[in-house]
Amino acid sequence: QVQLQESGGGLVQTGGSLSLSCEASGRTDRTYAAAWFRQFPGGDRELVGGISWSGLHTYYVDSVKGRFTIDRDNVKNMVYLQMNSLKPEDTAVYYCAAGRADSSSTIQTSRYWYSYWGQGTQVTVSS
């Protein structure tokens with residue numbers, strides 16, 4: 001089992017930046033792909049981006065490309081989401097997710113693949 005804990009959410013003005021962190025604990029001695037998802041009020045949880053275990057492979061949805069960056073530190077068991085040039089439409093609850101991967105280069109885009117989830121952190125971008 002792996003437990004995930006997000007931190008770093010909050011309120012920011014349009015054009016501002018926020019950095020989210022996700023700390024993993026438990027059975028972290030295995031190969032995990034990770035991702036960030038977000039959920040709008042009344043909506044489904046949707047992918048923001050993912051990162052392979054190696055950290056060499058990343059994927060972003062079009063709406064955040066060039067603005068958001070995902071990174072990880074496997075020594076510290078941390079995954080990060082750096083969000084720049086934030087827009088009001090980025091307002092959502094952000095979730096960290098992880099899943100066992102067969103290789104260090106695996107990235108998964110489906111939320112159904114991920115077995116482990118954090119509790120979520122609210123990001124609010126004011127206009």
Side-chain angles (χ1 to χ4, degrees):
Q1 289 290 330
V2 172
Q3 294 78 45
L4 302 176
Q5 179 70 52
E6 302 98 337
S7 61
L11 173 65
V12 65
Q13 291 185 332
T14 296
S17 298
L18 275 178
S19 180
L20 304 185
S21 298
C22 175
E23 181 175 11
S25 59
R27 291 302 303 271
T28 58
D29 58 334
R30 299 177 177 178
T31 304
Y32 292 98
W36 287 93
F37 287 79
R38 62 187 179 184
Q39 188 165 12
F40 303 109
D44 291 332
R45 202 166 291 186
E46 62 177 48
L47 178 71
V48 174
I51 187 167
S52 63
W53 169 253
S54 68
L56 297 178
H57 307 275
T58 54
Y59 172 86
Y60 301 95
V61 295
D62 287 345
S63 58
V64 307
K65 280 181 182 177
R67 301 189 298 123
F68 291 12
T69 303
I70 298 175
D71 200 0
R72 68 189 298 164
D73 184 333
N74 290 338
V75 174
K76 297 180 179 179
N77 296 319
M78 298 291 294
V79 179
Y80 306 98
L81 177 64
Q82 177 64 40
M83 303 184 291
N84 299 326
S85 302
L86 283 162
K87 305 174 182 180
E89 50 264 42
D90 294 317
T91 296
V93 178
Y94 284 71
Y95 296 88
C96 175
R100 285 290 305 278
D102 293 332
S103 77
S104 63
S105 61
T106 296
I107 297 180
Q108 290 287 344
T109 59
S110 170
R111 63 188 173 111
Y112 300 105
W113 182 84
Y114 290 90
S115 301
Y116 307 106
W117 293 84
Q119 85 290 348
T121 185
Q122 177 70 46
V123 171
T124 303
V125 185
S126 63
S127 57

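Just so we're clear, the structure is a prediction, and the values are computed from it rather than from any experiment.
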Give the minimum heavy-atom separation between [X] and [Y], together with the two atoms involved.
X: Asp90; Y: Ser85; answer: OD2-O, 4.5 Å
X: Asn74; Y: Trp53; answer: ND2-O, 2.8 Å
X: Met78; Y: Ser21; answer: CE-CB, 3.7 Å
X: Met83; Y: Leu86; answer: CB-CD2, 3.8 Å
X: Ala24; Y: Leu4; answer: CB-CD2, 3.7 Å
X: Val79; Y: Ala34; answer: CG2-CB, 3.9 Å

> Rounded to the nearest 0.5 Å, how far does OG of Ser17 lie from CZ of Phe68?
Replying inline: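 Between atom CZ of Phe68 and atom OG of Ser17 there are 9.5 Å.
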> Distance from Tyr32 atom OH to Arg100 atom CZ, nearest 0.5 Å?
Replying inline: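 These two atoms lie 5.5 Å from each other.
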>> Can you tell me which residue among Ile70, Leu47, Ile51 is in a side chain to side chain contact (heavy atoms under 4.5 Å, CB included) with Trp36?
In response: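 Going through Ile70, Leu47, Ile51 one by one, the side chain to side chain contact (heavy atoms under 4.5 Å, CB included) with Trp36 is satisfied by Ile70 alone.
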>> So if I apply the side chain to side chain contact (heavy atoms under 4.5 Å, CB included) rule between Tyr94 and each of Gln39, Arg45, Arg38, Gln122, which one comes out positive?
In response: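 Among Gln39, Arg45, Arg38, Gln122, the one meeting side chain to side chain contact (heavy atoms under 4.5 Å, CB included) with Tyr94 is Arg38.
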> Using the ring of each side chain (for Trp, its six-membered ring), is Tyr114 parallel, tilted or perpendicular to Phe37, with breaks at 30° and 60°?
Replying inline: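 Taking Phe37 first and then Tyr114, their aromatic rings stand perpendicular (interplane angle over 60°).
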Expected output: side-chain [X] to main-chain [Y] donor-acceptor under 3.5 Å:
X: Ser52; Y: His57; result: yes
X: Glu6; Y: Gln119; result: yes
X: Gln13; Y: Ser126; result: no
X: Thr91; Y: Val125; result: yes
X: Ser127; Y: Pro88; result: no

> Should Glu46 and Phe40 be marked as a side-chain contact (heavy atoms from CB on, under 4.5 Å) after you check the CA-CA gap, both sets of side-chain angles, and the distance that decides it?
Replying inline: CA-CA 9 Å; Glu46 62 177 48; Phe40 303 109; 3.3 Å; yes
>> Is there a path of hydrophobic side-chain contacts, each under 4.5 Å between heavy atoms of I/L/V/M/F/W/Y residues, joining Trp117 to Ile107?
In response: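 Both belong to a single hydrophobic cluster.
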> Linking I/L/V/M/F/W/Y whenever their side-chain heavy atoms sit closer than 4.5 Å, directly or via other members, would Val2 and Trp113 fall into one cluster?
Replying inline: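 Different hydrophobic clusters.
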> Between Lys65 and Asp62, does at least one N-O distance fall below 4.0 Å, as a salt bridge requires?
Replying inline: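 Yes, this pair counts.
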>> Run Leu20 and Val123 through side-chain contact (heavy atoms from CB on, under 4.5 Å) and show every step you take.
In response: CA-CA 9 Å; Leu20 304 185; Val123 171; 4.1 Å; yes
> Given Tyr80 and Thr69, is the side-chain contact (heavy atoms from CB on, under 4.5 Å) satisfied, shown in steps?
Replying inline: CA-CA 8 Å; Tyr80 306 98; Thr69 303; over 6 Å; no
